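See structure below.
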Amino acid sequence: MASLYLKDVTDRAKGTVIRSTGSWSSVLMADGSVRECRLRGQFRMKGLRTTNPVTVGDRVEVLLNEKDRTEGVIDSILPRKNYVIRKAVNLSREAHIIASNLDQAIVIATVEQPRTSFGFIDRVLCTTEAYSIPAAVVINKADIYTSDRAKELLTSYVSTYGKVGYRTFVTSARTGSGIAELENWMHDRVTLVSGHSGVGKSTVINALHPDLGLKTASISEAHAKGKHTTTFAEMFPLVNGGYIIDTPGIKEFGMIDMQPTEVSHYFPEIFGLSDNCRFNNCTHISEPHCAVKAAVEKNRIPETRYTSYLRIVESMGQ
Ligand code: GDP
Ligand code: ZN
């Protein structure tokens, strides 16, 4: 692949990174074209060691050569409004930035085939709260919930998250039911999608953007060869405005820098009651006169949410 020489630069323009595998990034330009871009020099973010300098969602300034309509060089990254990371698995403590400039997130879950645990949904929601990113819960495969047991479970998922204040959608990517409402909620926004594999993430994304299959193939081919591209996020424009960011292979985003005492801040219904606890540093685990435990007993806080809260705190070693 020929590369643009800096001496040949004739223009510069802003764009959005829709895919990045490290050395190459696909940048969507204002004119609708997609440029394969290298980075110019090294970018380092202050205060955060990351394995990837550029991420999906980044707004960048690209150097262009008017003779070359396919490539460019990323000259700078505009300040990020926010970003989510995944902790790197190696010992270097470097983080991998999954995506940036997000407006909101959805967690896609299913009641059956496979059954998504409350714990998984709650971990995602706790993380999005920590990032201050509004989130919604999408229960997909509505078409198969015909047994009494499945209907009962569906009702309990919807009422649990509704009660806590999360927007919930019940969809079937197969029949199309509920997809228009979801699309409407995503309109003109950048939405991060998460969910266990098998819940229908790809099918939902395809339903939100029917042309997607073709488009992703052509964008990806250029530099996907021989790489584990499945662990990189990818951003898709929605037909009516807005973007959806898929995170294939990334099961959970990292809860970086969260202290056990902070977890309650990210369960809105628990946080909302903590002023009523006797002790102002109440952890809502074993203290007497705890307003949170009382609310769980009276079923004003869903028990599954409280259990998830305890598990997350426990998993942090306290
Ligand atoms: P992903 O792993 O989350 O991306 O899941 P896929 O989109 O690959 O879907 C997993 C399986 O569930 C496939 O066989 C889909 O056809 C099926 N599926 C997806 N959405 C629905 C749905 O709304 N209803 C039903 N019955 N099946 C679905
Ligand atoms: Zn308490």
Side-chain angles (χ1 to χ4, degrees), residues 84 98-99 102-129 133-187 189-213 215-216 230-231 233-253 302 304-305 308:
V84 296
I98 298 171
L102 303 156
D103 294 317
Q104 55 186 29
I106 56 172
V107 50
I108 303 183
T110 41
V111 166
E112 279 180 353
Q113 298 182 30
R115 164 119 156 250
T116 308
S117 67
F118 282 106
F120 175 78
I121 300 173
D122 293 334
R123 287 185 82 91
V124 174
L125 295 176
C126 177
T127 310
T128 52
E129 290 291 340
I133 297 169
V137 178
V138 177
I139 314 285
N140 188 40
K141 305 200 185 182
D143 56 297
I144 60 169
Y145 307 142
T146 48
S147 70
D148 287 347
R149 175 73 187 134
K151 283 183 196 153
E152 206 176 282
L153 274 170
L154 176 65
T155 308
S156 88
Y157 279 60
V158 171
S159 74
T160 296
Y161 294 103
K163 199 166 174 180
V164 177
Y166 288 103
R167 186 71 198 264
T168 60
F169 296 90
V170 177
T171 60
S172 165
R174 181 155 292 172
T175 68
S177 76
I179 296 292
E181 286 85 348
L182 183 59
E183 187 171 27
N184 196 33
W185 186 73
M186 292 181 165
H187 182 70
R189 304 207 177 110
V190 177
T191 306
L192 181 75
V193 184
S194 65
H196 271 311
S197 77
V199 298
K201 212 155 61 118
S202 333
T203 318
V204 168
I205 294 173
N206 272 296
L208 289 164
H209 189 153
D211 305 336
L212 214 62
K215 202 156 188 166
T216 43
T230 50
T231 57
E234 185 158 5
M235 182 152 153
F236 304 109
L238 298 174
V239 188
N240 299 320
Y243 293 92
I244 192 163
I245 296 181
D246 187 18
T247 55
I250 298 168
K251 289 207 183 71
E252 275 183 48
F253 1 104
T304 55
R305 291 277 296 168
S308 296

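The chain is numbered in sequence order, starting from 1. Since the model is a prediction, treat every value here as computed from it, not as a measurement.
- In this view, D103 and K81 satisfy the salt bridge (Lys or Arg N to Asp or Glu O under 4.0 Å) rule, not counting sequence neighbours.
- Here the closest heavy-atom approach between residue V170 and residue A142 is recorded as CG1-CB, 3.6 Å.
- Checked against ring-ring contact (aromatic ring centres under 6.0 Å, His included), Y145 has no partners two or more places apart in sequence or in another chain.
- Here the CG atom belonging to L154 is positioned 11.5 Å from the OG1 atom belonging to T146, to the nearest 0.5 angstrom.
- The nearest pair of heavy atoms linking A135 to T128 is CB-OG1, 3.6 Å.
- The closest side-chain heavy-atom distance from F169 to I106 is not below 4.5 Å.
- Partners of T203 according to the side chain to side chain contact (heavy atoms under 4.5 Å, CB included) rule, which considers only residues two or more places apart in sequence or in another chain, are A173.
- Residues I133 and L192 form no side-chain contact, since every pair of their non-hydrogen atoms from C-beta on lies 4.5 Å or further apart.
- The structure places CG of L238 at 12.0 Å from CZ of R189, a figure rounded to the nearest 0.5 Å.
- Scored by the side-chain hydrogen bond (donor to acceptor under 3.5 Å, both in side chains) test, Y161 finds D122 as partners (sequence neighbours excluded).
- At distances below 3.5 Å, at least one donor-acceptor pair connects side-chain atoms of Q104 with backbone N or O atoms of W185.
- S117 pairs by the side chain to side chain contact (heavy atoms under 4.5 Å, CB included) definition with F120, not counting sequence neighbours.
- Scored by the side-chain hydrogen bond (donor to acceptor under 3.5 Å, both in side chains) test, R174 finds no partners at all (sequence neighbours excluded).
- The distance from the NE2 atom of H196 to the OG1 atom of T116 is 6.5 Å, given to the nearest 0.5 Å.
- Looking only at side-chain heavy atoms (C-beta outward), T247 and V193 stay at 4.5 Å or farther from each other.
- Every residue meeting the side-chain hydrogen bond (donor to acceptor under 3.5 Å, both in side chains) condition with T171, not counting sequence neighbours, appears here in chain and number order: N140.
- The stretch residues 147-165 participates, sequence neighbours left out, in these salt bridge (Lys or Arg N to Asp or Glu O under 4.0 Å) pairs: R149-E152.
- Of all heavy-atom pairs spanning G198 and P114, the tightest one is O-CD, 3.5 Å.
- For residues 238-248, every residue pair satisfying the salt bridge (Lys or Arg N to Asp or Glu O under 4.0 Å) rule, not counting sequence neighbours, is listed here: K201-D246.
- Minimum interatomic distance between I244 and I205 (heavy atoms only, all atoms of both residues): CD1-CG1, 3.9 Å.
- Legend: salt bridge (Lys or Arg N to Asp or Glu O under 4.0 Å) pairs involving residues 104-119, not counting sequence neighbours: none detected.
- Counting heavy atoms from C-beta outward, V107 and L125 have side chains that approach closer than 4.5 Å.
- Although no hydrogens or angles enter the test, the distance criterion places a donor-acceptor pair under 3.5 Å between the side chain of N206 and the main chain of S202.
- Using a 4.5 Å heavy-atom cutoff, the side chains of D143 and S177 are not in contact.
- Looking at V204 and L182, their side chains come closer than 4.5 Å, going by heavy atoms from C-beta outward.
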What verdict does the side chain to side chain contact (heavy atoms under 4.5 Å, CB included) test give for Y157 and V137, after you've listed the backbone C-alpha separation in whole Å, the side-chain angles of each residue and the deciding distance to 0.1 Å? CA-CA 9 Å; Y157 279 60; V137 178; 5.9 Å; no
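- Atoms CD1 and CE, from I179 and M186 in turn, are 8.5 Å apart once rounded to the nearest 0.5 Å.
- In this structure, CD1 on I121 lies 9.5 Å from OG on S194, to the nearest 0.5 angstrom.
- Nearest heavy-atom pair across A233 and I245 is CB-CG2, 4.0 Å.
- With sequence neighbours left out, the side chain to side chain contact (heavy atoms under 4.5 Å, CB included) criterion links T155 to no other residue.
- For Y166, there are no ring-ring contact (aromatic ring centres under 6.0 Å, His included) partners at least two apart in sequence or on another chain.
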